[in-house]
Number of protein chains: 2
Amino acid sequence: MNAERRKPVLTNKEAFVKKVSKEILSGKWRTGDKLPSEREYAAETGFGKTVIHSGFEQLAAMGLVDIKPKSGIYVADYMKTGSIDTLNAIINLRGNELGRDVIEAILDLRLAIEGMALRALCSRRSDEDIAHLCAMTEELKKRSSAMGEEELAESFFLWHREICILSRKSVLTLFMNTTHDVSIAFWVNYIRLFGIAFAIKRLERFIELIQARDGEGAYQLLAVGIAEYLAKLEM
Amino acid sequence: MNAERRKPVLTNKEAFVKKVSKEILSGKWRTGDKLPSEREYAAETGFGKTVIHSGFEQLAAMGLVDIKPKSGIYVADYMKTGSIDTLNAIINLRGNELGRDVIEAILDLRLAIEGMALRALCSRRSDEDIAHLCAMTEELKKRSSAMGEEELAESFFLWHREICILSRKSVLTLFMNTTHDVSIAFWVNYIRLFGIAFAIKRLERFIELIQARDGEGAYQLLAVGIAEYLAKLEM
DNA sequence: TATGCTAACTGGTCGGACCAGTTCAATTCT
DNA sequence: AGAATTGAACTGGTCCGACCAGTTAGCATA
């Protein structure tokens, strides 16, 4: 009934980052507003000043705030200056309630990234690569019934990331990892909409195309999958 | 607002992160190796334990290390698990000496990102958008002779980012920002190879095409620019 | 040899102290 | 009265030393 599986504990810093993220993303403050000082937050939350300081550094890295030393911490114009981390923060806080245009842009990007990887892999794949992908798929098929929603999504993410890794285009792997949180949200929805059996069938079809060195076919399959997903969202 | 002045000083944390980044990227340790403890680094560097701890958090965010609480800090398999931040770290340490394949992948991605933005902007641009881009370009032209290499690169980055902003596709802006460090390295090289006059001419050509709502033309111009750059690299 | 327990070690946190710029209102000078 | 100056309060950045709670490895025991 209870069966906690997520990280049961949240480090103080994570808790603080989450708290302030919420405050900012919920619109409690506007762009340019000066936030309470680190000391005030420390007093309010009961956390140490160290944790608050470190937390603000992370928020700055996420693009949500601007730190002006000796002056204060200000809400950044994060939709202009933010990065993927900002997007990840939004996703982690708002869940899967993303605008259609946002989803579309993300998927277009994934198409660009993985499409490149697929083409490269098709032209250089070895038999070991195929065997490796087959083994991964079998493993996934075997364990899928015992997996939770997010765990499944993670597995599909890892499967597709493997395409990037095997393609030997390390930059693509790095980009792929960058879209991790966003991708998880996608796969959770995808599996809900199409079912696990269908999703696995797709993986096997990918393997066939890679084995046949059909780069264009593999790219098209990826594009079709994304288009189908978007079409289903419409309904 | 833009063209941020260089900070002459390096904060202790930044110095530490740089030091350890170098140690890892130079291959002093191998994937999975256990690093000295925070306390040891604190003693060695003379920095406070707080700074070392915070530094390791940043290194973990960059994907260079795995922190296992109560156990130790281990060198991560960052080429598999890293993100764009990892790439940025590599670029900032190695300078512009990137492999051809890396550059190619990055530029392909930029083409995908900005290409989407250009098409969107062409179909929705207002007269204000055009005026805004013209003003930016004029400003750049006027100040270009007094600007340093990196400052120029930053300006070109901001100009192209403006395309994403004006396209109203906020996700693209976020992605664009994610590639900031990588893009700066590109623009520095680009301006070296083609000269500032040519580069500005290109910006003006972009404005013409956007004004004419020629999305395909703008996309092609972008693609051509990248192809030219890669061709020149060849020589 | 296998097992179990202890003690050292680790990252995570806290709070106080100090530093050096920033800010702004009260003060001083013109 | 208005402009320039000063200074005290406040800010982020850093360091320290102590403590907490899991991890780990070595030593003693069976």
Side-chain angles (χ1 to χ4, degrees), chain A residues 4-21 23-24 29 31-76 78 81, chain B residues 1 4-21 23-24 29 31-78 81:
Chain A
E4 203 78 25
R5 55 196 146 113
R6 284 291 116 200
K7 298 178 204 170
V9 277
L10 207 63
T11 138
N12 283 352
K13 182 187 162 186
E14 287 169 340
F16 173 72
V17 167
K18 194 165 185 176
K19 167 191 166 65
V20 179
S21 298
E23 291 182 354
I24 293 176
W29 286 296
T31 298
D33 280 0
K34 183 174 180 177
L35 296 179
S37 72
E38 296 185 347
R39 285 168 178 83
E40 285 179 73
Y41 266 115
E44 178 193 333
T45 61
F47 297 153
K49 182 171 159 6
T50 310
V51 170
I52 271 67
H53 180 69
S54 171
F56 272 126
E57 279 184 335
Q58 184 173 327
L59 287 163
M62 300 193 321
L64 289 181
V65 302
D66 284 330
I67 300 178
K68 300 192 180 171
K70 320 302 169 74
S71 168
I73 294 168
Y74 304 81
V75 177
Y78 51 86
T81 61
Chain B
M1 183 132 173
E4 205 167 324
R5 299 279 165 265
R6 269 262 178 269
K7 292 186 213 168
V9 280
L10 207 62
T11 146
N12 284 350
K13 180 184 159 186
E14 287 168 342
F16 174 71
V17 167
K18 196 165 185 175
K19 167 192 166 65
V20 180
S21 298
E23 291 183 352
I24 294 177
W29 286 297
T31 299
D33 279 1
K34 183 173 179 177
L35 297 179
S37 70
E38 297 184 345
R39 285 168 179 83
E40 286 180 72
Y41 267 116
E44 178 193 333
T45 62
F47 298 152
K49 182 174 163 351
T50 311
V51 171
I52 269 67
H53 179 71
S54 170
F56 272 124
E57 279 184 336
Q58 183 174 327
L59 287 163
M62 299 192 322
L64 290 181
V65 302
D66 285 330
I67 300 178
K68 299 190 181 173
K70 321 302 169 72
S71 167
I73 295 168
Y74 304 81
V75 177
D77 191 358
Y78 51 86
T81 61

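Just so we're on the same page: letters track the sequence lines, and every chain starts at 1.
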task: Measure the spacing between CD1 of B/Ile52 and CZ of B/Phe56 and express it to the nearest 0.5 Å.
output: 7.5 Å
- prompt: Listed by chain and number, what are the side-chain hydrogen bond (donor to acceptor under 3.5 Å, both in side chains) partners of A/Gln58, not counting sequence neighbours?
  reply: A/Lys13
message: Can you list everything that forms a side-chain hydrogen bond (donor to acceptor under 3.5 Å, both in side chains) with B/Thr45? Sequence neighbours excluded, please.
response: none
field: ring-ring contact (aromatic ring centres under 6.0 Å, His included) partners of B/Phe47, counting only residues at least two apart
entry: none
- request: Name the first nucleotide and the last nucleotide along DNA chain D (5' to 3') that come under 4.0 Å of a heavy atom in chain A.
  value: D/dT11 to D/dT14
field: For DNA chain C, the residues among residues 54-76 of chain A that have a non-hydrogen atom under 4.0 Å from it
entry: A/Lys70, A/Ser71
- prompt: What residues, two or more places apart in sequence or in another chain, satisfy side chain to side chain contact (heavy atoms under 4.5 Å, CB included) together with B/Ala60?
  reply: B/Val65, B/Ile67
- prompt: Does A/Asn12 put a side-chain nitrogen or oxygen below 4.0 Å from OP1 or OP2 of C/dC14?
  reply: yes
message: The criterion is side chain to side chain contact (heavy atoms under 4.5 Å, CB included); which residues satisfy it with A/Thr50, sequence neighbours excluded?
response: B/Thr50
message: List the residues meeting side chain to side chain contact (heavy atoms under 4.5 Å, CB included) with B/Ser37, not counting sequence neighbours, and say none if there are none.
response: B/Arg39, B/Glu40
Contacts of B/Thr81 that satisfy side-chain hydrogen bond (donor to acceptor under 3.5 Å, both in side chains) - sequence neighbours left out: none
field: Results of salt bridge (Lys or Arg N to Asp or Glu O under 4.0 Å) for A/Glu23 - residues two or more places apart only
entry: A/Lys19, A/Lys28
task: Go through residues 36-46 of chain A and report each residue with a non-hydrogen atom lying under 4.0 Å from DNA chain D, sorted by number.
output: A/Ser37, A/Glu38, A/Arg39, A/Glu40
query: Which salt bridge (charged side-chain N to carboxylate O under 4.0 Å, His left out) pairs, counting each pair once, include a residue from residues 66-76 of chain B, with sequence neighbours left out?
result: none
